[in-house]
Amino acid sequence: KYNDWEMKGVPPCVELGPKDMEKKQVVVVSRVDRKTKINVEWKAFDTEIPRLLDAFQTGLYNRAKADLDAHTKQVTKWDDFMNALDGRNIALVPWCGDAKCEKNIKTRSGTWADEQETRRAAAAGKVADISHEDVNEAGEKVEKLTGAAKSLCIPFEQPNLPAGTLCIGCAAAATTWCLFGRSY
């Protein structure tokens, strides 16, 4: 079934019909862009498919990397941190490395987000819904951002951390850059 393999993430779809049998070829359709169709002769199939798979992998990786880079914001101030998270980004922030501070960041960011939701609702004359559930345009319940940020990882490749940089959570001396984001 076509959709089963697409859901499993298999990038090429190999089509073989009666006309293809006559021409001794297959049609390879890219599930990456859904536009690319390539006729591959049977005798070249074993060399062409690995080449196409490499091209699909490179394309998928480049697209994912560009999306990650576009949604990673390096910030050093709390308000900028929260604005980055509100923009559905992940934030690269200076951090002291302390687990208590990490928990404090999660608590403060969750409280801050709930307060923002309450202010927005009050400005619109409504009661705030901080249940972390929302309804999409089709009327289906979907989970919305929790508001609470959590640490994701400490990147191997670290930007320069200038001396005297303060942790975004507790204002102690930062020891590393850390990625924080929200759960969905």
Side-chain angles (χ1 to χ4, degrees), residues 1-75 80-93 95 102 105-106 109-110 113 116-117 120 129-160 176-184:
K1 295 192 177 194
Y2 187 84
N3 190 46
D4 290 342
W5 290 104
E6 187 173 3
M7 295 303 292
K8 290 177 183 178
V10 177
C13 175
V14 179
E15 298 174 353
L16 178 63
K19 291 181 183 177
D20 298 317
M21 294 289 287
E22 290 173 10
K23 296 178 183 177
K24 296 189 182 206
Q25 70 177 20
V26 295
V27 177
V28 179
V29 181
S30 169
R31 288 194 178 123
V32 176
D33 64 10
R34 297 178 185 252
K35 296 175 186 170
T36 305
K37 287 189 174 189
I38 301 166
N39 295 325
V40 179
E41 294 182 13
W42 289 353
K43 61 184 176 186
F45 189 78
D46 63 335
T47 57
E48 194 64 18
I49 290 298
R51 187 191 67 75
L52 289 171
L53 288 172
D54 286 342
F56 294 152
Q57 193 278 334
T58 299
L60 288 169
Y61 174 81
N62 290 339
R63 187 169 65 190
K65 178 75 170 119
D67 192 45
L68 175 66
D69 291 344
H71 289 93
T72 302
K73 308 298 179 194
Q74 185 173 333
V75 297
D80 296 336
F81 171 64
M82 292 308 300
N83 287 332
L85 295 176
D86 284 347
R88 293 186 170 262
N89 298 298
I90 57 178
L92 183 64
V93 300
W95 182 48
E102 179 182 12
I105 291 171
K106 185 173 185 175
S109 61
Q116 289 295 99
E117 181 65 26
R120 279 192 285 270
D129 175 17
I130 55 174
S131 66
H132 306 299
E133 279 190 359
D134 208 350
V135 178
N136 66 14
E137 293 170 0
E140 304 163 324
K141 282 189 177 181
V142 293
E143 197 163 332
K144 63 182 177 181
L145 294 175
T146 64
K150 64 178 183 176
S151 65
L152 304 174
C153 71
I154 297 173
F156 290 121
E157 295 179 19
Q158 290 277 308
N160 181 38
T176 189
W177 290 96
C178 183
L179 286 170
F180 279 82
R182 285 186 172 147
S183 298
Y184 292 88

Taking C-beta and beyond as the side chain, do Asn89 and Asn83 meet within less than 4.5 Å on heavy atoms?
no
Check whether any side-chain N or O of Thr47 sits under 3.5 Å from a backbone N or O of Ala44 as a donor-acceptor pair, and report yes or no.
yes
Taking the side chain as every heavy atom from C-beta outward, state whether Leu52 and Pro12 have any pair of such atoms under 4.5 Å apart.
no
Shortest non-hydrogen contact between Pro50 and Phe45, atoms and distance
CD-O, 4.2 Å
Kindly check if the number of other-residue, nucleotide or ligand heavy atoms within 6.0 Å of NZ (Lys73) is above 12?
yes
Within 6.0 angstrom of Gln158 CD, more than 12 heavy atoms from elsewhere
yes
Side chains of Gln57 and Leu53: closer than 4.5 Å at any heavy-atom pair?
no
Indicate the atoms forming the closest heavy-atom contact of Gly181 with Leu85, along with that distance.
CA-CD2, 3.9 Å
Just do the side-chain contact (heavy atoms from CB on, under 4.5 Å) check on Gln25 and Ile38 with the steps written out, would you?
CA-CA 10 Å; Gln25 70 177 20; Ile38 301 166; over 6 Å; no
Could you pull out the closest heavy-atom pair between Val26 and Trp42, with the gap in Å?
CG1-NE1, 3.8 Å
Before accepting this row, confirm whether a basic side-chain N of the pair Asp67/Arg63 lies closer than 4.0 Å to the acidic partner's carboxylate O.
no
Asp20 (side chain) donor-acceptor with Gly17 (main chain) under 3.5 angstrom
yes
Where do His71 and Arg88 come nearest, in terms of heavy atoms and distance?
CD2-O, 3.8 Å
How long is the span from the CE atom in Met82 to the CZ atom in Arg182, to the nearest 0.5 Å?
4.5 Å
Which value, rounded to the nearest 0.5 Å, describes the distance between Leu179 atom CG and Leu68 atom CG?
8.0 Å
Would you call Leu16 and Met21 a side-chain contact if the rule is heavy atoms closer than 4.5 Å?
yes
When rounded to the nearest 0.5 angstrom, what is the spacing between CZ in Phe81 and CD in Gln74?
13.5 Å
Looking at Ala84 and Ala91, what are the two nearest heavy atoms and their distance?
CB-CB, 4.4 Å
Answer yes or no: is there an ion pair linking Lys19 with Glu22, defined by an N-O contact shorter than 4.0 Å?
no
Return the SG to CZ distance between Cys153 and Phe180, rounded to the nearest 0.5 Å.
10.5 Å
